[in-house]
S.K.: 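The structure follows.
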Protein chains: 2
Amino acid sequence: MTTINDVAKKAKVSTATVSRVLNNSDKVRPATRDRVSTIIKELNFVPNVNALGLQRKKTKTVGLIFPDASAHYFSEIMQGINRHLFKNDHQILISSAHDEEEEIKTINGFVNSGRIDGLIIMMPSARDYKGLIDQLKNEIPVVFIACEIDAPYSTTILLDNYNSAKEMVHHLSQLGRKRIAFIHGGEHNYDARERHRGYIDARSEYQLDESEELEVMGNFTEASGFQATLALMKRNPAPTAIFAANDAMAIGAIEAARVLKLSVPADLAIVGFDDISLAAYLDPALTTVHVPLRRLGHLAGESLLKNMNLDPAERTTEKIIIPLKPVIRRSCGSEQESA
Amino acid sequence: MTTINDVAKKAKVSTATVSRVLNNSDKVRPATRDRVSTIIKELNFVPNVNALGLQRKKTKTVGLIFPDASAHYFSEIMQGINRHLFKNDHQILISSAHDEEEEIKTINGFVNSGRIDGLIIMMPSARDYKGLIDQLKNEIPVVFIACEIDAPYSTTILLDNYNSAKEMVHHLSQLGRKRIAFIHGGEHNYDARERHRGYIDARSEYQLDESEELEVMGNFTEASGFQATLALMKRNPAPTAIFAANDAMAIGAIEAARVLKLSVPADLAIVGFDDISLAAYLDPALTTVHVPLRRLGHLAGESLLKNMNLDPAERTTEKIIIPLKPVIRRSCGSEQESA
DNA sequence: TATTTTAATGTAAACGTTTACATAACTTAG
DNA sequence: CTAAGTTATGTAAACGTTTACATTAAAATA
């Protein structure tokens, strides 16, 4: 590996001068600058990041902590983050942890080792983060994605799950469905809980059937949506619509309806949440809520970078809520069809 | 940020002793060790990675270069890699690049900046990597995933696309389909090309219709599968089966069949490739080829780590080909049904 | 041309670790 | 109790940068 010393020697200047050329700071005589630049290219010299990090206390790297489930969700968001950071010459260090304890350890390591300048935490299952937040406070800027955390001096980006869920239930009720079941995504998932909350509130607001047996727990997989639907259709009276907390479960629900020889949407309306790319290609095309994952990622990257360039004292506590749009297709039994 | 100096001072020892405790190397008197350890915990001291990297010339970090498309594919593989590396206390630095030039620059930066100890390159579209390989040679160990590269002293992990595609075509022909169309995934994608090659060879081997108009180009999206199918069904005579190079396009094909009022599989058999999680929940359930993405990632991580622990001189050129298994469901018109 | 001012370059310390080598503190043996 | 042998600890250089400060070279002025 070639170092700044090799360059300096070959160019017959001091390392200071090479450094100045590299950072095109100060005044360097054009002739010298050219000579040094040529040699840098000649030797394919790239400054050692460890030395840089040590000296500057900045690494141009941001950490990204994510859950080891929900692959689809995750990778889209990450692409959004990455694209923005890449443009701004920053790298991403990723880590996924199983449980909360492991996670806190990881974060601690990231932050205190001088490895990163900023952190994005995507942990829908996060609950008790007291210790963590104290850690972070004033160390480096943090962006939380879909976490229920009141951390001062950080950014939190949330989806407007609650209102969209309400809206979806409202839409179903307008279509005459009064007995709407809900397949939950998991108690420990923030998005799932919010969607559920929207469902519950909408039921009472729009005077729908509020019986408890219309709610069943799933885990965001097709299989769980399938099982949940089989269970739900044994209720008496059976639901006339099913709202699954994500598209995967809705797909399982559609398959279950097929097995039960129920026509969707005639006998049973089914709607999902997420708007995965193939939702439009299902039979029937799935009514769902569109979630702009790439944009979410982009916002996260942008907000983080902005805060990284700010004095700790200037940082603010920010909460960004991304509004979501229902996408009406056939599976809800609606006449209209949107793009 | 607390440093080894703070610890040393507080424990009234030299930094050397603290270092020895940290690396539990050498002999340190138990009493001293305890005292130092206590203070390390007390101060929540984490060694600075930049200083470590500078000194040790190892960063416990591996780079991961991936394409900015194929989110699903990518994130599963990454999870596989991550899980293995996390266990072995290594971090992952990711980067995705748009074009080849940008990519080579990224790799160059990664490698020559002392940022990483190993590199995993996932670039199905990679073609001409001469310059790159020369770069890498003997610098750090590399694993290529789904790249058509003959790089000495590195590991290449490939899917057995070719044989599985052949097998799938064979299966269709056994079911009496003689006019099998193919929806290509993209000329610049290694996996897509290999699947196509398998299709072509199978056609001639099993004496099927070899007309060129049975091949159409797609781009791995549902929409392209949809369009491709509409086009294919205008052929005269029309194909009796469609082999899509991935599941997303197969889903588009199924939707197209629906629009054309064709029954699948009765009028038209449709098969895909990948076995995404919802393939089993489609109507009809999709016959496809299962690709063990997590395992692929795991293998990549394992192989890389192994090579990182080897002397450059001891490294070998390795090529791992992962065999794939067809998953027979309803969409091909087969009687049998597999798990 | 000699002197002052300004611009370019060099020197060396600092960042936070590890580690070879030097030294100090114990043990053990005589 | 001293000398020799161990074992534990300390000192300081090294890793590859940046940068404050010192120095030298060039330009401007008298």
Side-chain angles (χ1 to χ4, degrees), chain A residues 1-37 39-40 43-61 89 109-117 139-140, chain B residues 1-37 39-40 43-61 89 109-117 139-140:
Chain A
M1 192 174 298
T2 98
T3 77
I4 201 176
N5 253 297
D6 303 333
V7 176
K9 226 168 273 174
K10 191 149 186 190
K12 298 200 196 308
V13 295
S14 73
T15 60
T17 299
V18 179
S19 176
R20 284 189 272 256
V21 170
L22 285 170
N23 301 289
N24 42 304
S25 71
D26 269 316
K27 292 260 172 222
V28 179
R29 201 146 45 103
T32 317
R33 156 157 283 135
D34 288 353
R35 187 155 40 95
V36 172
S37 299
I39 294 188
I40 286 174
L43 300 179
N44 190 24
F45 166 70
V46 180
N48 181 294
V49 288
N50 297 306
L52 277 177
L54 190 56
Q55 165 67 225
R56 294 188 173 157
K57 292 166 181 305
K58 286 285 170 210
T59 60
K60 293 206 169 203
T61 304
D89 191 26
F110 270 17
V111 174
N112 293 320
S113 68
R115 214 186 259 281
I116 56 173
D117 302 341
E139 281 285 0
I140 59 170
Chain B
M1 189 173 301
T2 99
T3 75
I4 201 175
N5 253 296
D6 303 333
V7 176
K9 226 169 273 173
K10 190 149 188 190
K12 300 199 196 306
V13 294
S14 74
T15 61
T17 299
V18 179
S19 176
R20 284 189 273 255
V21 170
L22 285 169
N23 301 290
N24 44 304
S25 71
D26 270 317
K27 291 262 173 216
V28 180
R29 202 147 42 104
T32 316
R33 155 158 285 136
D34 288 352
R35 187 155 39 97
V36 173
S37 298
I39 295 189
I40 287 175
L43 299 180
N44 190 25
F45 166 70
V46 180
N48 181 294
V49 289
N50 297 306
L52 278 176
L54 189 56
Q55 164 67 226
R56 293 188 174 157
K57 293 166 180 306
K58 286 283 170 211
T59 59
K60 291 203 169 207
T61 305
D89 190 26
F110 271 16
V111 173
N112 293 322
S113 68
R115 211 185 261 281
I116 56 173
D117 302 341
E139 281 287 356
I140 60 171

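Residue numbers begin at 1 in each chain, while the letters A, B, ... track the order of the sequences.
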S.K.: Quick one: is B:K57 getting a side-chain N or O under 4.0 Å of the D:dA14 phosphate, OP1 or OP2?
M.R.: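 For D:dA14, neither OP1 nor OP2 has a side-chain N or O of B:K57 closer than 4.0 Å.
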
S.K.: Among D:dT17, C:dT18, C:dT9, which nucleotide has an atom closest to any side-chain atom of A:V28?
M.R.: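 So the side chain of A:V28 is nearest to C:dT9.
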
S.K.: Between CZ of B:R35 and NZ of B:K10, what distance do you get to the nearest 0.5 Å?
M.R.: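 Atom-to-atom, B:R35:CZ and B:K10:NZ are 13.0 Å apart.
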
S.K.: Using side-chain heavy atoms (C-beta onward) and a distance below 4.5 Å, is B:E139 in contact with B:N112?
M.R.: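 SC-SC contact between B:E139 and B:N112 confirmed.
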
S.K.: Taking the side chain as every heavy atom from C-beta outward, state whether A:V18 and A:V13 have any pair of such atoms under 4.5 Å apart.
M.R.: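 Side chain of A:V18 against side chain of A:V13, heavy atoms only: contact under 4.5 Å found.
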
S.K.: So does B:R29 get a side-chain nitrogen or oxygen closer than 4.0 Å to the phosphate oxygens (OP1/OP2) of D:dT9?
M.R.: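 Affirmative; the distance criterion is met.
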
S.K.: What is the distance, to the nearest angstrom, from the CG atom on B:L43 to the P atom on C:dG16?
M.R.: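 After rounding, the gap between these two atoms is 14 Å.
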
S.K.: Would you mind telling me which of C:dT17, D:dG16, C:dA12 lies closest to the side-chain atoms of B:N5?
M.R.: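 Output: C:dT17.
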
S.K.: Please tell me if B:T17 has a side-chain N or O lying less than 4.0 Å from either OP1 or OP2 of D:dG10.
M.R.: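 Answer is yes, contact under 4.0 Å.
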
S.K.: Which is more 5' along DNA chain C, the nucleotide nearest A:R35 or the one nearest B:T15? Just name the residue.
M.R.: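 On the 5' side of the pair lies A:R35.
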
S.K.: Calculate the interatomic distance between B:R33 atom CZ and D:dT7 atom P; express it in whole Å.
M.R.: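 Rounded to whole Å, this separation is 16 Å.
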
S.K.: What's the CG-P distance between A:N48 and C:dT17, to the nearest Å?
M.R.: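 So the two atoms are 16 Å apart, to the nearest Å.
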
S.K.: Can you tell me the distance, in whole Å, between the NZ atom of B:K12 and the P atom of C:dA24?
M.R.: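 Distance, rounded to whole Å: 20 Å.
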
S.K.: If you assign B:T32 and A:V46 each to the DNA chain D nucleotide with the nearest heavy atom, which residue ends up on the more 5' nucleotide?
M.R.: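 Nearest nucleotide further toward 5': that of B:T32.
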
S.K.: What is the distance, rounded to the nearest whole Å, between atom CZ of B:R20 and atom C1' of D:dT7?
M.R.: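 Rounding to the nearest Å, CZ of B:R20 and C1' of D:dT7 are 11 Å apart.
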
S.K.: Okay, side chain of A:R115, backbone of A:F110: is any donor-acceptor separation there less than 3.5 Å?
M.R.: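 Absent.
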
S.K.: Without decimals, in angstroms, what is the distance between A:I4 CD1 and D:dT18 C1'?
M.R.: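 Nearest whole value for this atom pair: 8 Å.
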
S.K.: About how many Å separate NZ of B:K60 and OG of A:S113, when rounded to the nearest 0.5 Å?
M.R.: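 Rounded to the nearest 0.5 Å, the OG-NZ separation comes out at 12.5 Å.
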
S.K.: Look at B:T3 and C:dC15 and indicate whether a side-chain polar atom (N or O) is within less than 4.0 Å of OP1 or OP2.
M.R.: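 False: B:T3 side-chain N/O out of range (4.0 Å or more) of C:dC15 OP1/OP2.
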
S.K.: Nearest whole Å is fine: how far is D:dA13 C1' from B:Q55 CD?
M.R.: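 Between C1' of D:dA13 and CD of B:Q55: 10 Å.
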
S.K.: What is the distance from CG of A:L52 to C1' of D:dG16, rounded to the nearest Å?
M.R.: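 Distance check: A:L52 CG to D:dG16 C1' gives 8 Å.
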
S.K.: Looking only at side-chain N and O atoms, does A:N23 come under 4.0 Å of OP1 or OP2 in D:dT18?
M.R.: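 So the side chain of A:N23 is within the cut-off, an N or O lying under 4.0 Å from OP1 or OP2 of D:dT18.
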
S.K.: Answer yes or no: does a side-chain N or O of B:K27 lie under 4.0 Å from OP1 or OP2 of D:dT9?
M.R.: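 No, B:K27 has no side-chain N/O under 4.0 Å of OP1/OP2 on D:dT9.
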
S.K.: So which one's nearest nucleotide on DNA chain D is more toward 5', B:A51 or A:L22?
M.R.: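 Comparing both residues, the 5'-ward one is B:A51.
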
S.K.: With a 4.0 Å cutoff (strictly under), does any side-chain N or O of B:R56 reach OP1 or OP2 of C:dT18?
M.R.: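 Answer yes for this pair, as a side-chain N or O of B:R56 is under 4.0 Å from OP1 or OP2.
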
